[in-house]
Amino acid sequence: MTNFTATRAAFHMPEGVIYLDGNSLGPLPVAAEAAMARAMRDEWGEMLITGWNRAGWMAQPRDLGDRIARLIGAEAGHVVLGDTLSIKVYQALAAALHMRPDRRVILSDSGNFPSDLYMAEGLVRALDKGHELRVVTPEEVAGAITEEVAVTLLTEVDYRTGRLHDMTALTTRAHAAGAVAIWDLAHSAGALPVDVAGAGADFAVGCTYKYLNGGPGAPAFIYVAPRHAEAAFPALSGWLGHDAPFAFEPAYRAGAGIERMRVGTPPVLAMAALGAALDIWEGVDMPTLRARSIELSEMFIAEVEPACPMLRLASPRDPAKRGSQVSFRFDEGYAVIQALIARGVIGDFRAPDILRFGFTPLYLGTNEVRAAARHLTEVMAGRLWDRPEYRTRAAVT
Ligand SMILES: *Cc1c(COP(=O)(O)O)cnc(C)c1O
């Protein structure tokens, strides 16, 4: 069971805001403010450099990794935090390609987040061994897993449409073809139950500032399946992934297991905020969260669709095939989102025409969902989006 009244009270929400963008940046956990102040004052301020030992800073990427492990079905001791998700994608992909030296194809899909594809492109160029990044439509992925494929690099939940890949089926298929499976959990961790170990994933990566609410720029995570942990190739061989960082040896030796996926100095202040966010997750049962997320998103679709015939549902209609977001298509989607934000309803826009709404039961209830649907209906019915001030694009959408 999960007490959603308690989880809601654990977040700061600005007055008058209905927040449907926790899929992009989670809100501030109330306790994060004090946790960060404590880390600054009592640890950094008072302990200075001794905080690495006395406050346990050095162990935090592993400690927090274990707390995330529970949420993604990973074995304890096989998740570590650090860097950003783009970096973790690069590391996982480099390690996976190293496991299939005789193959050249990286398979991904057009629903993947561009940064994952960009990082793959960059790695292909850096390796300069003739690898190919093959991008097919999400529907074509299963059929495209051939014996040429070295690695499948897939994001479980499509950031635009919310379409959910079948992680177990595709991983099984990848393994049957002799490929290595990497899963990006950016829109899965904290959004729905995930079982990386059960699915047989070889590597998984994700970020902590979306559904996990760790704060802007919070560190990313990486999971390496235990069966690969001692052999995984560390492409970014920084000193904190060394077997003995404080021996300051002239040459790199990979650290034990998941430690080798660390790179450099961990973001201690950011981890303080993330720790407070993960405290909230301690009381959350993922199946209960999922049921509630489906209830909220189904309610939103049921209210919006009949009232807004100009919007086309971009997400799968079957909630079992969606993550925790609902998207609609509309050519003037950017202006619609701006008009909604002016009314205190925050969703976001993803080019070219996607209006995206995240449903996060930890701090959203049925009243907010109904009110958001009403605002959207008013904006659409009254063409309130059709004003010059709503069409001017900001740098960050
Ligand atoms: C949000 C997101 C990213 C962002 O990467 P950062 O390095 O954290 O900026 C990458 N990949 C996917 C699939 C995402 O959804």
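Both counts, for ligands and for their atoms, begin at 1 and track the order of listing.
Applying the under-4.5 Å side-chain rule to Ile, Leu, Val, Met, Phe, Trp and Tyr, the cluster around Ile354 consists of that residue alone. Val157 belongs to a hydrophobic cluster whose remaining members, ordered by chain and number, are Leu164, Leu192; membership requires side-chain heavy atoms of ILVMFWY residues under 4.5 Å apart, directly or through intermediates.
Within 4.0 Å of ligand 1, the residues that place a heavy atom are Thr84, Leu85, Ser86, Phe113, Asp116, Thr155, Asp184, Ala186, His187, Tyr209, Lys210, listed by chain and number.
Ring to ring, Tyr223 and Phe221 are not that close: their centroids are 6.0 angstrom or more apart. Residues Trp385 and Tyr334 keep their aromatic ring centres 6.0 Å or farther apart.
Ion pairing between a basic and an acidic side chain is recognised when a charged N comes within 4.0 Å of a carboxylate O; Arg163 and Glu156 show no such pairing.
The salt bridge (Lys or Arg N to Asp or Glu O under 4.0 Å) search around Glu43 returns none, not counting sequence neighbours.
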